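Just so it is clear, the model here is predicted, and its values are computed rather than measured. Note that these values count all heavy atoms, side chains included, but never hydrogens, waters or copies made by symmetry. In what follows, residues are counted from 1 in the order of the sequence shown.
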Amino acid sequence: MKIAIDAMGGDNAPKEIVLGVMEAAKQFKDVEFILFGKEEAILEHLTDKTRVTIVHTDEKIESDDEPVRAVKRKKNASMVLAATAVKDGEADACISAGNTGALMSTGLFVIGRIEGIERPALAPTLPTISGKGFVMLDLGANSDAKAEHLLQFGLMGSIYAEKVRKIDRPRIGLLNIGTEETKGNDLTKKAFELMKEQTAYHFVGNIESRDLLMDVADVVVTDGFTGNMVLKSLEGTGAAFFSMLKMSLMNSFKNKLAAGVLKKDLLALRAKMDYSEYGGACLFGVQAPVIKAHGSSNAHGIFTTIRQARDMIQKQMVETIKSEIDQGKLGGETV
């Protein structure tokens with residue numbers, strides 16, 4: 001299989017991107033890599049050219065570029081060329097740590113939406129206290145959504161959880177302001193009714209945001225506006241917690257001694273809550289795997305995203321979604 005990678009996207013490009021590819025190349029002998037970006041800068045960090053092809057371009061999409069305009073105007077940008085390689089059948093999946101909006105636009109306009117999927121969804125896997133994690137979507141691809149879209153999000157997330165994350169009969173929850181069936185706004189009430197009637201997956205009802213990390217569901221569904229706010233709240237809370245913990249452990253000699261004893265456990269806890277360990281955020285609903293790695297990804301973060309893309313290709317994630325549409329399980333043309 002071949003994976004197209006935007007080597008110039010992200011805060012630490014191209015160094016960490018290339019190092020991540022080198023780590024993946026050592027472990028995955030069945031994968032070839034196509035790196036798009038400045039050849040000289042890529043070669044500076046490339047230690048092994050085996051199964052690696054470089055496509056040179058001086059153009060890239062910046063983090064502050066307006067997404068749709070950038071994709072349309074910067075035809076030779078590294079991100080756009082990577083997606084074009086997938087569209088043309090030269091690669092099986094596309095990865096970028098660059099501009100999130102631009103990658104979503106690239107996936108939609110260059111690679112194309114799966115027929116029958118009304119809206120694509122951005123879906124990362126987030127940590128839980130058990131270390132199992134859960135898939136959450138949509139986290140920003142669509143600010144607005146209809147109940148039928150949430151139904152499709154649930155099925156796509158369920159397919160991913162089962163095929164790639166190897167969870168048997170994944171539990172799907174609808175994010176709401178209460179667990180009762182009557183709670184919520186018009187969107188969540190209608191979505192609840194549609195999902196309750198859906199026999200193709202295991203719907204466990206409404207769940208509250210305070211329970212997200214408590215393993216109450218394997219897939220959590222919401223609209224992109226709400227999902228993005230929840231994600232950033234979780235990120236901010238996690239960062240603030242570890243910052244306060246560090247301050248507390250460093251404010252006295254006694255606490256510093258305790259910190260030394262607990263260091264290994266604290267590092268393990270931090271790693272457990274690092275969602276980059278699960279890979280990047282998948283753009284579900286397009287014709288091939290498109291994955292957004294975290295903008296600040298280091299080499300290991302890129303490696304886990306490549307592993308994720310490889311799993312999606314091997315498990316035929318996109319083909320399964322298409323099959324479910326053909327069988328009428330994702331709403332199809334009724335959306």
- Query: In terms of the angle between their ring planes, are Tyr160 and Phe284 parallel, tilted or perpendicular, with boundaries placed at 30° and 60°?
  - Reply: tilted

- Message: Apply side-chain contact (heavy atoms from CB on, under 4.5 Å) to residues Leu150 and Leu187 and explain how you reach the verdict.
- Response: CA-CA 9 Å; Leu150 300 190; Leu187 171 64; 4.0 Å; yes

- Query: Is a salt bridge present between Lys190 and Glu193, judged by a nitrogen-to-oxygen distance below 4.0 Å?
  - Reply: no

- Query: Quick check: are there more than 12 heavy atoms from other residues, nucleotides or ligands sitting under 6.0 Å from CG of Asp186?
  - Reply: no

- Item | Neighbour count >12 (heavy atoms, 6.0 Å) for atom CG, Asp168 | no

- Query: Quick check: does any side chain N or O of His149 sit under 3.5 Å from a backbone N or O of Lys146, one acting as donor and the other as acceptor?
  - Reply: yes

- Would a 4.5 Å heavy-atom cut-off, applied to side chains only, mark Lys74 and Glu62 as touching? yes

- Message: I'd like to know if Lys163 pairs up with Asp311 as an ion pair, taking the criterion as any Lys NZ or Arg NE/NH1/NH2 lying under 4.0 Å from an Asp or Glu carboxylate oxygen.
- Response: no

- Item | CA sep, side-chain torsions, deciding dist, call: Phe28, Phe33, ring pair (Phe, Tyr, Trp, His ring centres under 6.0 Å) | CA-CA 11 Å; Phe28 307 130; Phe33 304 93; 8.1 Å; no

- Message: Nearest 0.5 Å, please: how far is NZ in Lys254 from CG in Leu257?
- Response: 10.0 Å

- Message: Taking the basic N atoms (NZ, or NE/NH1/NH2) and the acidic carboxylate oxygens, is any pair closer than 4.0 Å for Asp92 and Lys2?
- Response: no

- Message: One pair to check against side chain to side chain donor-acceptor pair (under 3.5 Å): Asp215 and Ser130. What are the steps and the verdict?
- Response: CA-CA 7 Å; Asp215 292 295; Ser130 69; 2.8 Å; yes

- Between CZ of Arg51 and CD1 of Ile3, what distance do you get to the nearest 0.5 Å? 11.0 Å

- Task: Measure the OG1-CD distance between Thr53 and Glu32 for me, rounded to the nearest 0.5 Å.
- Result: 7.0 Å

- Query: Out of curiosity, Asn185 CG to Ile177 CD1, how far, rounded to the nearest 0.5 Å?
  - Reply: 7.5 Å

- Query: Using 4.0 Å as the upper bound for N to carboxylate O, is an ion pair formed by Glu40 and Lys38?
  - Reply: no

- Considering all heavy atoms of both residues, which atom of Cys282 and which atom of Gln308 are nearest to each other, and what is their separation? SG-NE2, 3.1 Å

- Query: Is the closest basic N to carboxylate O distance between Glu181 and Lys196 below 4.0 Å?
  - Reply: yes

- Show the numbers, then the answer: is there a side-chain contact (heavy atoms from CB on, under 4.5 Å) between Leu155 and Gln198? CA-CA 9 Å; Leu155 274 175; Gln198 178 58 255; 4.0 Å; yes

- Message: I'd like to know whether CE of Met250 has more than 12 heavy-atom contacts from other residues, nucleotides or ligands below 6.0 angstrom.
- Response: yes

- Message: For Ile172 and Met195: C-alpha separation, side-chain torsions, deciding distance, then whether side-chain contact (heavy atoms from CB on, under 4.5 Å) applies.
- Response: CA-CA 9 Å; Ile172 301 176; Met195 297 172 83; 3.8 Å; yes

- Query: Backbone N or O of Met8 within a donor-acceptor pair of the Asp6 side chain at under 3.5 Å?
  - Reply: yes

- Message: Atom NZ of residue position Lys49 - does it have more than 12 heavy atoms of other residues, nucleotides or ligands inside 6.0 Å?
- Response: no

- Is there a salt bridge (charged side-chain N to carboxylate O under 4.0 Å, His left out) between Arg310 and Asp30 once you walk through the steps? CA-CA 9 Å; Arg310 176 177 177 267; Asp30 56 350; 3.1 Å; yes

- Rounded to the nearest 0.5 Å, what's the gap from CD1 on Ile17 to CE on Met22? Could you check? 12.5 Å

- Query: With the threshold set at 4.0 Å, does a side-chain nitrogen-carboxylate oxygen contact exist between Lys132 and Asp218?
  - Reply: yes

